[in-house]
Amino acid sequence: FIRAGHQVTLLANAPADKLPPHPELNPAVQIVPLGQRKLLAAWRGRRWLKQAKPDVLLSGSHRFNLMADAMRGWARQPAWVCAIHENLSMAAAQASPKRRARRGAELLRTNRANALVAVSHDVQRDAEAAWRLQADKLLTIYNPIVDQAWLASATGPVPHPWLEDASVPV
């Protein structure tokens, strides 16, 4: 997004003194610590939304999806894009009944997003079928875990003692 000329701000659910360094993060990304307490963090996020007036709010986990929905509702803007990173039906099947009921409520709120982004076609199909998330809002954008830098690093030597002796099977 930054290379495309967009301003990017990361709203962090942590106090400023607890934010770990992120050397892989582009230095142009502004980080706004909201604190750890959910309600206070949501209120601070709403205040930030009203002041900064971003065009889009992107949330990327169930917890932050709920916070984003609350912040956006209070601020009456901006467009909200919700990312879905997991197979939701599998996560629900492995959860306790209480957690499963809460997950269902979260997903009802998630459907209020302007757009839903799944990280794979399987996650998208699962979200449509198992959770009835609105298909016209749901699209797939692959998570760029494997990029050119990663592929280039895979061709180099691996400095690990187990791999030094080629006669020993690994």
Side-chain angles (χ1 to χ4, degrees), residues 1-16 18-20 22 25-26 28-145:
F1 290 107
I2 289 173
R3 281 183 273 167
H6 299 284
Q7 179 181 341
V8 176
T9 304
L10 175 66
L11 302 180
N13 192 210
K18 302 286 187 207
L19 282 173
H22 291 284
L25 198 60
N26 187 316
V29 173
Q30 176 190 4
I31 299 176
V32 176
L34 299 177
Q36 287 179 304
R37 297 177 188 259
K38 291 178 191 174
L39 191 57
L40 185 57
W43 182 82
R44 287 177 178 150
R46 178 201 60 85
R47 186 177 63 191
W48 179 85
L49 284 174
K50 282 188 163 197
Q51 291 171 353
K53 295 182 178 26
D55 294 327
V56 176
L57 176 63
L58 170 66
S59 59
S61 73
H62 293 295
R63 180 174 165 197
F64 295 112
N65 291 344
L66 291 176
M67 189 180 291
D69 182 42
M71 290 183 330
R72 186 178 82 110
W74 294 333
R76 299 283 183 251
Q77 51 90 22
W80 174 30
V81 178
C82 172
I84 303 171
H85 293 269
E86 64 182 331
N87 184 306
L88 299 171
S89 62
M90 181 63 72
Q94 295 171 346
S96 69
K98 181 180 176 182
R99 177 72 183 117
R100 204 170 17 254
R102 193 169 13 155
R103 178 65 58 94
E106 291 171 5
L107 289 167
L108 287 173
R109 292 178 72 178
T110 299
N111 233 350
R112 292 195 280 200
N114 298 89
L116 304 165
V117 176
V119 297
S120 73
H121 289 298
D122 288 332
V123 169
Q124 179 180 353
R125 281 191 294 273
D126 179 68
E128 289 173 359
W131 294 99
R132 295 178 185 85
L133 294 181
Q134 296 174 12
D136 61 324
K137 290 188 195 179
L138 193 55
L139 66 136
T140 298
I141 300 176
Y142 277 96
N143 197 352
I145 293 172

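- Between the side chain of Asn114 and the backbone N or O of Ala79 there is no donor-acceptor pair closer than 3.5 Å.
- Of the residues Val32, Ile31, Val29, the one that meets the side-chain contact (heavy atoms from CB on, under 4.5 Å) test with Thr9 is Val32.
- For the residue pair Leu138 and Ala127, the shortest heavy atom distance occurs at CD2-CB, 3.8 Å.
- In this structure, CZ on Arg125 lies 8.0 Å from OG1 on Thr140, to the nearest 0.5 angstrom.
- Taking each heavy atom of Cys82 and Ala113 in turn, the nearest pair found is CB-CB, 3.8 Å.
- Taking CZ of Arg44 as the start and CG of Leu49 as the end, the distance is 14.5 Å to the nearest 0.5 Å.
- Here the closest non-hydrogen pair linking Trp80 and Ala68 is NE1-CB, 3.5 Å.
- Counting only heavy atoms from C-beta outward, the side chains of Val123 and Asp126 never approach each other to under 4.5 Å.
- We find the CZ-CD distance between Arg112 and Gln134 to be 11.5 Å, quoted to the nearest 0.5 Å.
- Across every non-hydrogen atom of Gly45 and Leu34, the tightest pair is N-CD2, 3.7 Å.
- More than 12 heavy atoms of other shown residues, nucleotides or ligands fall within 6.0 angstrom of atom CG in Asp136.
- Other residues, nucleotides and ligands contribute more than 12 heavy atoms inside 6.0 Å of the CD atom of Gln30.
- Rounding to the nearest 0.5 angstrom, the gap separating the CH2 atom in Trp43 from the CZ atom in Arg37 is 15.0 Å.
- To the nearest 0.5 Å, atoms CD (Glu128) and NZ (Lys137) are separated by 13.0 Å.
- Here CG of Leu116 is found 5.0 Å from CD1 of Ile84. Values are rounded to the nearest 0.5 Å.
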